[in-house]
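Just below is one structure, and these are the notes that go with it.
Values reported hereafter were calculated over all heavy atoms of this structure, with side chains retained and with hydrogens, waters and symmetry mates removed.
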Amino acid sequence: MNVSVIGAGTMGNGIAHVFAQNGYKVNLIDVSEAALEKAIATITRNLDRQVSKGSITEDIKQSTLQNISSHSSLGAISHSQLVVEAATENEAIKLSIFKQLDEIAPEGCILASNTSSISITKIAAVTSRPELVIGMHFMNPVPVMKLVEIINGYATDSKVTATITELSKKLGKVPCVVNDYPGFIANRILMPMINEAIYSLYEGVAGVEEIDTVMKLGMAHPMGPLQLADFIGLDVCLSILQVLHDGFGNPKYAPCPLLVNMVTARKLGVKSGEGFYVYTAGSKDLVVSPRFRK
């Protein structure tokens, strides 16, 4: 199977890595040559880490890299059987991409989106093949996380769902099939928890470290909700909460004003160097942002 991945960012390069390591020929596509170069460097670095840990051999590393070709044009998808879109989590951008994919992709090619919240039904509606459009929501970091949330749009063909489910298993992932409603399952449950943690901080119930420690030690979460929000990106968290709020019209999904202010101030978490914590290159220390220190 020839696979194309659209978008060479964190999710796109991780998806390309996993497909290539499992023997699939992958076209990694991005309009930015710099993003493509950075993606290949990231994949190489992650493969080196796997080699050093003994989880793969040097031969597997080399074959994985040989399975990936980078392109700056969507024309590279012309011989693909599957396209996985992993562009920015922005509805207008995704709809534009899918219109173009539908025009270029060969007949019978499955069009999947790695969206974490945007309606698969809405994405499918801009194509002439809604029965071949599906959600394939990988988790970050893709090479490590086992889950793939598979989202059926209103018109997704059951054979397409079966194909993507089996393909996910071949990638060493655990597929979970869900239906297309705002937030699907992962973010419908996760984001209100993160939002409630931010509200708890906003209302002075507890500090950043205390909130995260309670959830890590009391609920066995590997990462506290505020640290996780930083890792996801506070702008992404806000966007997903807005999708939930708009989709259900329920005030329980309304984003906390503190989250809105932080995104407005461009304090986005790891990607900007500061969110609830401060992130310094080369340091793994978890340091609470001065804004929230007592």
Side-chain angles (χ1 to χ4, degrees), residues 7-14 32 34-35 38-39 41-42 45-46 49 86-90 93 116-117 138-145 183 186-246 251-294:
T10 300
M11 296 305 293
N13 75 59
S32 167
K38 183 179 178 182
T42 299
R45 188 166 59 249
N46 289 338
R49 188 178 297 116
T88 304
E89 188 71 357
N90 176 289
I93 291 173
S116 56
S117 63
F138 290 84
M139 305 292 140
N140 186 27
V142 180
V144 176
M145 300 292 277
N187 282 315
R188 181 170 178 173
I189 294 171
L190 174 63
M191 286 303 153
M193 182 190 77
I194 285 176
N195 200 39
E196 198 62 33
I198 299 171
Y199 262 113
S200 296
L201 177 65
Y202 172 65
E203 293 171 357
V205 179
V208 170
E209 284 184 300
E210 289 77 9
I211 291 167
D212 278 356
T213 299
V214 165
M215 296 306 291
K216 285 189 286 187
L217 300 186
M219 314 304 164
H221 291 198
M223 191 182 290
L226 299 177
Q227 185 187 359
L228 180 55
D230 275 358
F231 181 70
I232 293 167
L234 300 191
D235 52 340
V236 176
C237 292
L238 177 59
S239 175
I240 295 170
L241 282 164
Q242 288 169 335
V243 168
L244 289 166
H245 193 217
D246 292 345
K252 76 177 181 179
Y253 298 113
C256 177
L258 173 58
L259 174 61
V260 175
N261 278 351
M262 291 178 73
V263 172
T264 302
R266 305 306 293 167
K267 303 299 184 183
L268 307 180
V270 175
K271 70 174 80 174
S272 70
E274 183 180 345
F276 296 105
Y277 297 89
V278 175
Y279 301 90
T280 306
S283 173
K284 293 187 177 179
D285 293 337
L286 202 55
V287 179
V288 174
S289 165
R291 173 74 173 73
F292 301 113
R293 288 178 201 161
K294 296 176 181 177

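Screening residues 253-265 for salt bridge (charged side-chain N to carboxylate O under 4.0 Å, His left out), with sequence neighbours left out, gives no hits. Sequence neighbours left out, the pairs with a member in residues 256-271 that pass salt bridge (charged side-chain N to carboxylate O under 4.0 Å, His left out) are Asp235-Lys271, Lys267-Glu274. For residues 192-206, there are no side chain to side chain donor-acceptor pair (under 3.5 Å) pairs, not counting sequence neighbours. Residue pairs meeting the salt bridge (charged side-chain N to carboxylate O under 4.0 Å, His left out) criterion with at least one partner in residues 277-289, sequence neighbours excluded, are absent. Pairs of residues two or more places apart, or lying in two chains, never qualify as side chain to side chain donor-acceptor pair (under 3.5 Å) while including a residue from residues 252-265. Within the structure, no pair that satisfies the ring-ring contact (aromatic ring centres under 6.0 Å, His included) test touches residues 217-244, not counting sequence neighbours. Within the structure, salt bridge (charged side-chain N to carboxylate O under 4.0 Å, His left out) pairs that include any residue of residues 213-223 do not occur (at least two apart or interchain).
For the atom pair CD1 (Ile194) and CG (Leu228), the distance works out to 4.5 Å, reported to the nearest 0.5 Å. In this structure, CE on Met223 lies 4.5 Å from CD on Gln227, to the nearest 0.5 angstrom. Atom CG of Leu201 and atom CG of Leu259 lie 11.0 Å apart (nearest 0.5 Å). To the nearest 0.5 angstrom, Leu234 atom CG is 7.5 Å from Ser272 atom OG.
Side-chain contact check for Thr213 versus Glu210: every heavy-atom pair is 4.5 Å or farther apart. Pro225 places a side-chain heavy atom less than 4.5 Å from the side chain of Ile211. Side chains of Met262 and Arg291 form no contact here, defined as non-hydrogen atoms less than 4.5 Å apart. Two residues are said to be in side-chain contact when any heavy atoms from C-beta on lie closer than 4.5 Å; Gln242 and Leu238 meet this criterion. Taking the side chain as every heavy atom from C-beta outward, Ser116 and Ile240 approach each other to under 4.5 Å.
Taking each heavy atom of Ala39 and Ala8 in turn, the nearest pair found is CB-O, 3.4 Å. For Leu241 against Pro255, the heavy-atom pair with the smallest separation is CB-CG, 3.9 Å. Closest heavy-atom contact between Gly14 and Pro143: CA-CD, 4.2 Å. Across every non-hydrogen atom of Met11 and Met139, the tightest pair is CE-C, 4.0 Å.
A distance-only check finds a donor-acceptor pair linking the side chain of Asp230 to the backbone of Phe276 [under 3.5 Å]. For the pair Asn187 (side chain) and Leu190 (backbone), a donor-acceptor distance under 3.5 Å is absent.
By the side-chain contact (heavy atoms from CB on, under 4.5 Å) test, Ala254 pairs with His245, sequence neighbours left out. Under the side-chain contact (heavy atoms from CB on, under 4.5 Å) criterion, Ser239 pairs with no residue at all, not counting sequence neighbours. Remark: Glu209 pairs with no residue by the side-chain hydrogen bond (donor to acceptor under 3.5 Å, both in side chains) rule, at least two apart or across chains. Among residues two or more places apart in sequence or in another chain, the side-chain contact (heavy atoms from CB on, under 4.5 Å) test is passed with Ser32 by Asp30, Ala34, Ala35. The side-chain hydrogen bond (donor to acceptor under 3.5 Å, both in side chains) search around Asp212 returns Tyr277, not counting sequence neighbours.
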Val287 and Arg293: CA distance, side-chain angles, deciding distance, side chain to side chain contact (heavy atoms under 4.5 Å, CB included) verdict | CA-CA 10 Å; Val287 179; Arg293 288 178 201 161; 3.2 Å; yes

Run the numbers on Ser117 and Leu244 for side chain to side chain contact (heavy atoms under 4.5 Å, CB included), then give the verdict.
CA-CA 8 Å; Ser117 63; Leu244 289 166; over 6 Å; no

- Item | side chain to side chain contact (heavy atoms under 4.5 Å, CB included) between Asn13 and Val142, intermediate numbers included | CA-CA 9 Å; Asn13 75 59; Val142 180; over 6 Å; no

Notebook entry, point to check: Can you check side chain to side chain contact (heavy atoms under 4.5 Å, CB included) on Asn140 and Ile232, steps first, answer last?
Noted result: CA-CA 8 Å; Asn140 186 27; Ile232 293 167; over 6 Å; no

